Each structure stands twice: as structure tokens, then as C-alpha cells.
Amino acid sequence: MQHLIRFLIALLIVPLLLTSVSAQTDPRSLINAMAVGNLKARAAQIEALAATGDAKAVPALQALSDGALYFRKSDKQVFIAQKSGKNFDLIDPLTAENIGSFPKGSVSKVKVNNSLRRLIRSVIGTLTLLSPDPQIRIAAAQTIFKTGDPESLEALDRALVQEKASNVRSAMELARASVILKSDSTDADKIAAITLIQKGDGREGLPLLNEFAAQSDGAVAAAANKAIGEIEKTIALLDIGQTVWYGISLGSVLLLAAIGLAVTFGVMGVINMAHGEMVMLGAYTTYVVQEIIRTGYPGLFDYSLALALPLAFLVSGSCGFVMERTIIRFLYGRPLETLLATWGVSLILQQTIRTIFGSTNKEVGNPTWMSGAYELGGLTLTANRLWIVVFALFVFAALFVVLKKTGFGLQMRAVTQNRKMASSMGIRTPWVDALTFALGSGIAGIAGVALSQIANVSPNLGQNYIIDSFMVVVFGGVGNLWGTLIGALTLGVANKFLEPFAGAVLAKILILVFIILFIQKRPRGLFALKGRAVEA
Amino acid sequence: MTILKNTARSIGFAALVAGMMTTTLANAADTIKVGILHSLSGTMAISETTLKDAMLMLIEEQNKKGGLLGQQLEAVVVDPASDWPLFAEKARELLDVHKVAAVFGNWTSVSRKSVLPVFAELNGILFYPVQYEGEESQRNVFYTGAAPNQQAIPAVDYLLANEEVERWVLAGTDYVYPRTTNKILEAYLKSKGVADEDIMINYTPFGHSDWQTIVSDIKAFGSEGKKTAVVSTINGDANVPFYKELGNQGISATDIPVVAFSVGEEELAGLDTEPLVGHLAAWNYFQSVDTEENATFIETWKAFTGDENRVTNDPMEAHYIGFNMWVKAVEKAGTTDVDTVIDEIVGVAVPNLSGGYSAMMPNHHITKPVLIGEIQADGQFEIVERTNGLVAGDAWSDYLPDSAKLISDWRKPLSCGNFNVETSTCGGKGS
């Protein structure tokens with residue numbers, strides 16, 4: 001059906017082109033033709049350009065797909081445009097020659113939409129099969145695999161004859177199999193293609209096979225259905241692994257949000273409602289660092305997070321220090337007043353940030369090494385999540401070392417276990433309190449750097465995490481770092497296993513109910529502290 | 001009981017105010033007060049603060065033109081702090097204490113529902129500028145945002161026609177607007193012959209941030225060999241992590257396009273839009289609309305806020321239309337008296353920003369064009385489709401059996417927001 005339409009459009013458009021341009025196969029005039037006509041006419045223009053089979057047309061098509069193809073209003077010539085300041089640099093799409101800078105108003109964009117982008121993707125696939133770069137050849141084969149355009153069969157066969165690299169060959173063979181399913185080849189060919197796709201890439205091949213099975217009958221349909229069954233079996237197994245991964249990833253976010261609180265609430269016993277705002281301050285520090293880098297040193301962008309980490313620790317840490325010295329130290333032993341006072345601080349911080357930066361979300365970019373995804377034996381691990389898991393574990397380990405192996409950590413533990421005794425041993429307990437609180441707040445700040453990569457950077461950022469953080473610390477056991485780790489991961493994984501059955505809303509409710517019941521049974525959480533501190 | 005107490009209190013209060021009236025009357029005649037009821041703090045501040053600024057700008061512009069009926073306009077700004085019950089209290093304050101001639105405000109449906117009784121009781125006028133789920137028509141409220149048939153249905157039609165979509169994911173935040181809209185869309189899709197198993201409905205809580213499972217479910221749902229699209233009624237902050245996850249899991253708009261009803265220029269301002277190019281949104285206005293009115297509006301807005309990077313969006317245009325309609329109706333009536341203005345405003349037509357005229361319909365909804373835009377790398381939208389002519393807002397959806405038989409017409413003699421054409425009585429659903 002689609003081909004019939006394409007054919008009809010081509011029939012309509014050919015006489016038009018014949019009348020306006022004498023040599024309608026000249027790529028330059030075909031490219032220029034795109035300056036006129038609406039989105040519907042453009043499909044035929046792209047087809048006409050692809051029909052030349054000339055790889056030189058690829059940059060123009062790619063630019064059209066990226067929305068970088070413009071035409072000069074004065075003479076309706078089409079160029080690739082690059083922004084330079086307020087002007088556009090126009091580049092000849094065939095010769096790549098820069099023909100100079102033009103003001104914004106003198107050029108106009110060649111419009112494009114999703115269905116055109118799909119069309120471009122499939123024609124570029126066919127045109128770049130013979131590219132000298134093996135990566136481009138693989139990409140071309142993969143697009144053909146997805147689109148399965150029967151017209152590219154010839155081009156594929158030609159490319160396969162001269163292809164030497166084995167990884168490119170296998171990608172092309174897969175693509176060929178996909179094309180054969182959509183063409184009118186013999187049943188034997190089709191069954192061979194099905195086996196190839198099943199062996200190749202299960203998940204990617206599933207849509208193809210499903211579509212094919214629905215349209216065909218007899219032996220081929222049976223073979224396709226069998227292959228689908230096999231692939232689905234593998235996927236079901238993979239899905240369990242994927243869910244566990246999602247759970248760990250959610251757990252690592254919870255861990256990051258809660259780990260600072262494990263210090264301030266868990267170790268010191270201060271109900272710090274402004275904990276979320278410390279996280280927010282860290283995220284805003286990242287934003288400011290990125291803004292400075294963007295305007296001054298764009299080359300450093302990939303290092304922005306590394307630069308933001310110590311700064312965020314300092315900003316949130318010093319904020320926590322000031323808070324402890326000016327407010328919290330007067331309120332030790334009065335949990336209700338602490339709760340209200342820190343809640344007030346959280347509102348002040350939120351409104352301050354809102355006044356300085358405005359209430360809209362701020363854009364914090366992902367460095368290139370945190371974008372995209374890794375494929376691991378059929379599992380998709382998104383890069384930013386993977387790094388956050390690694391980072392959360394690193395922060396946990398670092399905090400653990402600080403608490404157990406340093407002098408400061410020793411003093412801190414001494415003060416929490418028995419304040420009077422520690423004091424009589426010559427430890428300046430108020431000083432240790434302030435530093436402990438600053439440490440907890442600083443860790444919340446570096447959590448903010450990580451969370452800015454996956455969440456909104458807005459004044460409300462902290463509020464979204466405060467409840468979850470308390471949940472994790474209480475569940476894991478107050479005063480125990482291991483409890484926080486195990487608690488965060490348990491809640492994360494449990495949430496992700498419930499989500500597919502119960503839905504995101506109900507899953508969250510079920511987790512809350514579970515925690516309430518759990519706390520009834522074990523009021524001190526998973527890992528209860530034993531000893532003198534408990535009674536204090 | 002509390003309602004009784006409140007009423008008693010407000011009656012006493014009204015009496016007190018009435019007593020003071022004689023003394024303040026002389027002052028009140030100097031200016032006409034306009035109430036602005038938008039949250040300036042709390043979760044909704046992100047969207048509503050802009051609308052407050054837009055209203056202040058419109059009032060300032062009107063005053064530059066010489067005000068209204070020879071008097072200057074005075075804005076009365078209150079902050080309901082994203083707290084739904086507080087909206088009702090603040091509305092009462094605006095009408096009772098400040099005696100405003102009209103109120104422009106609200107964003108979420110739940111806040112609108114909370115102020116409805118106040119406006120009915122004290123007989124005020126409310127202009128509501130946000131796209132909403134429909135199924136409502138009140139005498140005191142004018143809906144200048146889109147009803148479902150002015151946004152959701154045309155968007156689905158576009159996907160059916162241009163992207164040949166066969167499977168649908170209806171993803172939304174769990175509250176009244178997405179639930180009602182999805183109910184209408186589900187009925188509409190089924191009337192177009194879409195099978196049950198080709199529709200997946202998913203709800204998430206406000207501010208949902210972990211989209212891994214849902215996005216991979218969508219990916220799996222879309223790998224059945226049929227063209228799949230997502231219709232998103234996800235609201236507010238949750239959109240940012242949702243789109244980020246889509247980008248990271250490699251779902252591009254050419255594979256599974258997402259059409260959103262709550263994502264505009266303002267929401268995209270906090271996002272890296274590079275991976276989102278080609279995803280869609282349906283609105284009645286985009287900043288990229290190429291008309292003279294719009295260019296002037298954007299210029300005035302940037303000058304007013306003193307920020308070159310501020311964007312304009314659809315609800316701002318709705319306020320622009322609503323405010324101008326009210327001004328025109330007051331001029332026509334020669335008074336700001338609420339009953340007269342309510343009668344006069346029906347049929348009033350004012351220019352919208354997309355190069356046409358919007359008119360107030362008897363059901364208190366307005367006529368608007370529907371635009372479909374694709375997200376661009378610069379955070380703006382490119383308009384890829386535009387309805388022929390204007391679409392009139394339909395208060396009661398034709399696709400829900402309960403509502404199909406209801407009509408709304410506030411002109412005399414019918415004067416009814418939910419007239420049942422089968423039983424010929426006023427007072428159907430929602431009364």
C-alpha cells in the first residue's frame with residue numbers, strides 16, 4: 001500500500017520536475033527543489049533525491065533530518081546552515097564549501113516532521129552502505145534492519161559481495177533477512193531469514209517477527225511464531241535481571257538521598273527537615289558550575305560534575321555548620337522543636353533559592369560520558385543510572401572509612417555513644433557535633449550533584465526526597481550505616497518488583513504499608529543498635 | 001457543620017463589610033480592581049508565577065491605553081500557595097474584601113473545583129486559563145483554556161492520520177485531569193476501531209522520578225510490530241525525568257512519538273531538548289506562531305520581565321484572550337456589574353495570537369485553533385499541523401455516554417450548564 005502511494009506520488013511529481021528542471025537527476029537541483037512545497041510534497045522530493053543513488057546527497061538529507069537545512073529567501077537556494085552568533089553560516093550541501101555568513105532573517109528553514117525523518121533514515125541507510133567508514137556501514141545496515149525497505153535488497157546484495165569486515169557482514173546479513181521478510185521471496189528463504197533474526201538480536205527482531213507473523217500464514221507463520229516464542233522466553237529471563245537492575249538503581253538514588261541523613265538523624269538523632277534542601281543546594285551548585293563553564297570554558301564541560309562535587313560539599317556543609325551553630329545546638333533533646341525549626345529553615349532556603357534563581361526548572365546537562373546506554377548481554381543499562389550506582393557505593397564506602405578509620409570518626413562515635421564520658425576524655429563535644437552535622441549536610445550536597453543528573457533542578461527538589469530519606473533510615477535502623485545501605489536497596493528492589501503488577505502509585509503505597517507493619521514488629525529497624533546508646 | 005459555621009461567619013463578615021461600604025465607596029470608584037489568584041509558592045509556583053506576571057503585564061498595558069471606562073485598573077494579587085482549600089479562602093477574600101470586578105486564576109482542576117462554590121455564592125467572575133478535562137460548565141466561570149476536543153482529540157487524529165499509529169499508551173499523572181481525559185480518549189479510540197489490547201493505560205504519582213520500569217514497558221509494548229505512540233497527560237515536574245529516561249533508553253520520536261498535553265515552552269526551559277526533537281505537543285498557541293500580534297506580545301513580555309530568555313506559552317495566551325474579552329464586554333456593558341458582564345460577554349470576539357479571532361461561546365468556552373508542534377533543539381516548537389478554522393470548546397464530551405446528551409447554554413431563557421436534551425431538564429451530571 002505504502003509503495004503504491006509512493007509510486008503514485010512519484011508519478012505525479014516527475015512531470016512537475018520535468019517541466020521546471022531540465023536535468024531532474026542533478027542532485028543540486030533536486031536539493032534546491034526542497035525550498036518550495038509543503039510537508040507532504042517533501043516526501044516525494046526526498047524519494048527523488050534518493051533515487052539518484054548518489055551518496056553525495058547524504059549530507060543534505062542528514063541536515064534536513066536534523067533541522068539544519070535552510071533556503072536563502074532571495075534565490076531559493078538550499079544550504080546547510082550552522083549557527084554562528086546571530087547569523088547563519090551557509091554551507092553548500094554537495095561541496096561542503098562555506099559560502100559565507102547570512103543574517104537570520106534572510107534564510108528560512110526547510111520544514112521536516114517525524115514521518116519524513118523516518119523516510120530519510122531509511123533512504124540514508126541504502127545510500128551509505130558503501131561508505132568507507134565501517135561504523136557508518138554498520139549503522140546503515142541497522143537502519144535497514146529496522147525499516148526493512150524491500151527496495152534496498154539490491155544495494156545490500158551489492159554491498160555484501162565486497163564486504164570484508166565480519167561484524168559489518170553479520171549486521172548486513174541481518175538487515176538482508178529483515179528485507180527478505182518484507183519482500184516476496186520464497187518460503188524457504190523466509191524461514192532461513194527467520195532463523196537468522198532469531199539468532200541475531202532477539203529484542204530488536206521481535207517487532208519484525210510479530211509484524212511478519214500477523215501478515216503471513218502456513219509454514220512461514222508457524223516458523224515465525226516459534227521464533228517469537230523462543231525470543232520471548234529469553235526476554236522473560238532477561239526481564240528479571242532488568243528489574244533487579246532497576247531496583248538497585250532506584251535503591252542507589254534512595255541511598256544517596258538518605259546517606260547524609262543517616263549521619264545527622266541516624267548518628268546525632270537530629271530530625272533535620274532541611275535535609276532535602278541540602279540536597280537541593282548541591283544540585284544548584286552543579287547548575288552554577290555548569291553555567292560558568294558554559295559561558296567561559298566550554299571545553300571543560302565533561303569535567304563539570306567533578307568540579308561541582310567538592311564545591312557542593314563545601315556549600316551544603318558550611319550551610320549545615322551554620323545551621324548547627326545558630327539553631328540546632330540550642331535545641332538538642334527537644335525533637336519537636338528541632339523538627340519545627342529545621343522545617344522553617346527548609347522553607348527559608350527554598351524561598352531564597354526561588355528568589356535568586358526563579359521558580360522555573362534549571363537545565364543541568366549530562367556530560368557525554370553520562371548519556372546514552374550500555375548493552376550488556378541483552379540488558380540495557382543507562383549510563384547515568386550506572387554511574388549513580390557506582391557513585392552511591394563510593395560515597396558509602398568513603399563515609400564508612402571516615403567513621404571507622406579516622407580520628408574524627410572515632411570522636412564522633414564516642415560522642416554519640418556516651419556524650420559525658422567523651423567530654424570528660426577531653427573531646428570538645430560541641431565542636432564534634434557541629435562538624436558531624438556539617439559532614440552529613442555536605443554528603444547531602446554531593447548527593448545533590450548526582451541527583452541533578454536524573455531529577456528536576458527546582459526549589460522543590462529536596463521535598464521530593466525527604467520522605468523517602470527518612471523512610472530508608474528508619475527502616476534500615478537508626479544509627480547504623482549498613483542498615484541504610486541494605487534498607488535503601490531492599491526498598492528499591494521491592495518497589496520495582498511491585499511496580500509491574502500494582503502500578504507505580506499502588507507500589508509506593510504498598511511499600512509504605514509494609515514499612516509501617518515492619519516498624520510495629522521491629523521498632524528499631526533492620527539493624528538495631530544495642531548497648532548503652534539505645535537507652536540514652 | 002463546618003460549612004454552616006463558615007456560612008454564618010461569612011454572613012456576619014459580609015454584614016460588617018456592608019457597614020463599611022458607605023465609607024469606602026468613594027475610594028472604590030477611583031479604580032477597577034482585578035483579582036489574580038495564582039500560586040506564588042509551593043509545587044505549582046513553577047507554572048503559575050508566570051501567569052501572574054502575564055496578568056500584571058496585561059493590566060499595565062490596558063492602563064497605558066487609558067484604563068477601562070475612564071478608570072485605571074488595579075491588580076490585587078493573592079497567593080494561595082498551591083494549597084487547594086486555601087484557593088477557596090483567597091477567592092473569598094478577593095470577592096468579599098477587595099470587591100474585585102473579575103478574577104483571573106487557578107491552574108490545577110482540583111483548585112478550580114475548590115473555588116467554584118465561592119464564585120457561585122458570592123456571584124463573581126473567574127477566568128480559567130488552563131487546558132482541562134471538560135465535563136463542567138458554570139455560570140460564573142469562563143474557560144479560556146482548551147477543552148478535550150480542542151487539544152486531546154485533534155492530537156490523536158493527527159497521530160492516526162500522519163503517523164499511522166495503531167497502538168496507544170495513555171500515560172498520565174494520577175489525578176482528575178488525566179483520568180477524565182484518558183477516559184474520553186479511550187472511548188474515542190475504541191470508536192475508531194482500536195482494540196482493547198492495543199491500549200495501555202498507566203498512572204504515576206505527582207513528581208514521579210523513577211521512570212525506568214515504565215519506559216521499558218512502553219518500549220516492550222511498542223515492539224509488537226505495530227506503530228506505537230504515547231499520549232502523555234503527565235503533569236508538572238515529572239515530565240523532565242520522563243523525557244530524560246526516554247532519551248537514555250534510546251527511544252526516539254521516529255520510533256515511538258510522544259504527544260504531550262502539559263508540556264510547553266516553559267517546561268522545556270529546564271531540559272536539554274536535543275534528544276527530544278520530534279516529540280509532539282498539542283496546544284492552541286506556540287511561541288513560534290508567526291504572526292504580527294504574537295511578535296508584539298513576545299516583545300512586550302520580554303520588555304516587561306526584563307529577561308531576553310523568558311518564553312511565552314499557551315495559558316498566557318488564554319489569559320490574553322480572556323482579559324481582552326472581559327475588557328470588551330465591560331466596555332460594551334458600560335459597567336463592571338457581574339450579571340450584566342456575564343450576559344454581555346457571550347458572543348464577544350477578540351484577536352488571539354495565532355492570527356484569528358476567538359469568540360466566547362454560550363457554554364462559556366471559547367473558539368480556538370488547534371496546533372500540533374514538534375519539539376526543536378532550541379526548546380521551541382515547530383508547527384506541523386493546524387486545524388482548518390477554529391474549534392469550539394465542548395463542555396460535555398460527545399464520547400462519554402453520560403455526557404453526550406448534555407448541552408450547556410448560559411443565554412436566557414435556557415441559562416443552564418448541564419441541560420439534558422433527552423429529558424429536557426436542567427441539572428444532569430455535575431450539578
Side-chain angles (χ1 to χ4, degrees), chain A residues 39 66-67 109 111-115 117-118 121 146 203-204 206-214 235 239 242-243 245-246 249-250 253 350-351 354 358-363 365-366 371-373 380 382-385 453-460 463-464 495-496 499-500 503-505 508, chain B residues 40-43 45-50 162-164 174 202-205 207-210 212-214 216-217 219-220 222-226 237-241 244-245 247-250 252-255 257 266-267 269-272 275 277-280 307 374 376-377 379 382-385:
Chain A
L39 287 170
D66 296 342
K109 191 171 156 189
K111 283 200 175 191
V112 65
N113 66 10
N114 267 328
S115 41
R117 276 191 208 99
R118 268 196 300 277
R121 192 170 70 176
K146 266 192 197 161
R203 205 181 275 267
E204 296 288 321
L206 200 56
L208 277 176
L209 291 176
N210 268 319
E211 193 182 346
F212 178 70
I235 287 182
D239 273 350
Q242 190 91 57
T243 310
W245 164 251
Y246 289 156
S249 152
L250 175 63
V253 171
Q350 272 179 44
Q351 201 57 41
R354 194 172 281 135
S359 56
T360 44
N361 287 340
K362 292 295 165 209
E363 182 189 334
N366 291 356
S371 314
T380 321
T382 47
N384 59 356
R385 297 279 176 178
Q453 292 298 306
I454 50 167
N456 288 301
V457 179
S458 75
N460 300 323
Q463 286 185 322
N464 301 334
N495 202 327
K496 283 298 159 188
E499 217 172 87
V505 183
K508 218 160 180 180
Chain B
L40 311 178
S41 52
T43 21
I46 175 175
S47 310
E48 292 193 68
T49 317
T50 315
N162 291 51
E163 305 260 348
E164 288 156 8
D174 201 2
N202 184 288
Y203 291 106
T204 40
H208 191 66
S209 61
D210 195 280
Q212 302 180 82
T213 317
I214 290 158
S216 80
D217 280 355
K219 205 172 166 184
S223 65
E224 305 270 303
K226 287 180 181 171
D237 278 0
N239 275 302
V240 178
K244 275 192 179 170
E245 192 66 36
N248 279 330
Q249 293 206 17
S252 71
T254 40
D255 303 323
E266 189 89 17
E267 284 74 17
L271 259 179
D272 175 18
V277 171
H279 286 305
L280 303 143
D307 182 352
E374 280 187 6
Q376 301 295 299
E382 177 150 317
I383 297 157
V384 290
E385 175 94 344

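Bear in mind that the values here come from a model prediction, so they are computed numbers and not experimental data. So you know, we letter chains A, B, ... as the sequences are listed, proteins then strands, and number each from 1.
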For A/Thr382 and B/Gln249, run side-chain contact (heavy atoms from CB on, under 4.5 Å): C-alpha distance rounded to whole Å, both residues' side-chain angles, the deciding distance at 0.1 Å, then the answer. CA-CA 6 Å; A/Thr382 47; B/Gln249 293 206 17; 3.8 Å; yes

Carboxylate-amine/guanidinium proximity below 4.0 Å for B/Glu245 and A/Arg385: yes

Within the 3.5 Å criterion, strictly below it, is a donor on A/Gln242 or B/Ser216 matched to an acceptor on the partner's side chain? no

Could you look at A/Ala373 and say if it's the side chain, the backbone, both or neither that has a heavy atom under 4.5 Å from chain B? both

Toward chain A, the part of B/Glu163 with a non-hydrogen atom under 4.5 Å: both

Between B/Pro257 and A/Asn114, what is the shortest heavy-atom contact and its length? CB-ND2, 3.9 Å

Is A/Asn384 close to chain B through its backbone or its side chain, or both, or neither, when contacts mean heavy atoms under 4.5 Å? side chain

Which bit of A/Val112 is near chain B, if near means a heavy-atom gap under 4.5 Å: side chain, backbone, both or neither? backbone

Interchain contact, A/Gln453 with chain B, by part (heavy-atom threshold 4.5 Å): backbone

More than 12 heavy atoms of other groups within 6.0 Å of A/Lys508 NZ: no

Answer with side chain, backbone, both or neither: which region of B/Glu374 has an atom nearer than 4.5 Å to a non-hydrogen atom of chain A? side chain

Taking only Lys NZ, Arg NE, NH1 and NH2, and the carboxylate oxygens of Asp or Glu, determine whether A/Arg121 and B/Asp255 approach each other closer than 4.0 Å. yes

Interchain contact, A/Arg354 with chain B, by part (heavy-atom threshold 4.5 Å): side chain

Among B/Asp210, B/Asp174, B/Thr50, B/Val384, which residue forms the greatest number of heavy-atom pairs with chain A at distances under 4.5 Å? B/Asp210

Of the non-hydrogen atoms in A/Arg117 and B/Val277, which two are nearest, and what is the gap between them? NH2-CG1, 3.7 Å

Residues in side-chain contact (heavy atoms from CB on, under 4.5 Å) contact with B/Asn202, at least two apart in sequence or another chain: B/Thr204, B/Ile214

Mind checking the OG1-CG spacing from B/Thr213 to A/Asp239? Nearest 0.5 Å is all I need. 10.5 Å

From CD (B/Gln212) to NZ (A/Lys496), nearest 0.5 Å: 5.5 Å

Interface moiety of A/Leu250 toward chain B, non-hydrogen atoms closer than 4.5 Å: both

Please list, chain by chain and in numerical order, all residues satisfying side-chain contact (heavy atoms from CB on, under 4.5 Å) with B/Ser47, sequence neighbours excluded. B/Met44, B/Trp107, B/Glu267

Below 4.5 Å from any heavy atom of chain A, which atoms of B/Thr49 appear? Answer side chain, backbone, both or neither. side chain

Out of B/Gly222, B/Pro241, B/Gly278, which one racks up the most heavy-atom pairs below 4.5 Å with chain A? B/Gly278

Contact winner vs chain B - A/Gly365, A/Ser249, A/Pro500, heavy-atom pairs under 4.5 Å: A/Ser249

Which answer fits A/Ser115, side chain, backbone, both or neither, if we ask what part of it has an atom under 4.5 Å from a heavy atom of chain B? both

In terms of heavy-atom pairs under 4.5 Å with chain A, which of B/Ala238, B/Gly250, B/Ala253 leads? B/Ala253

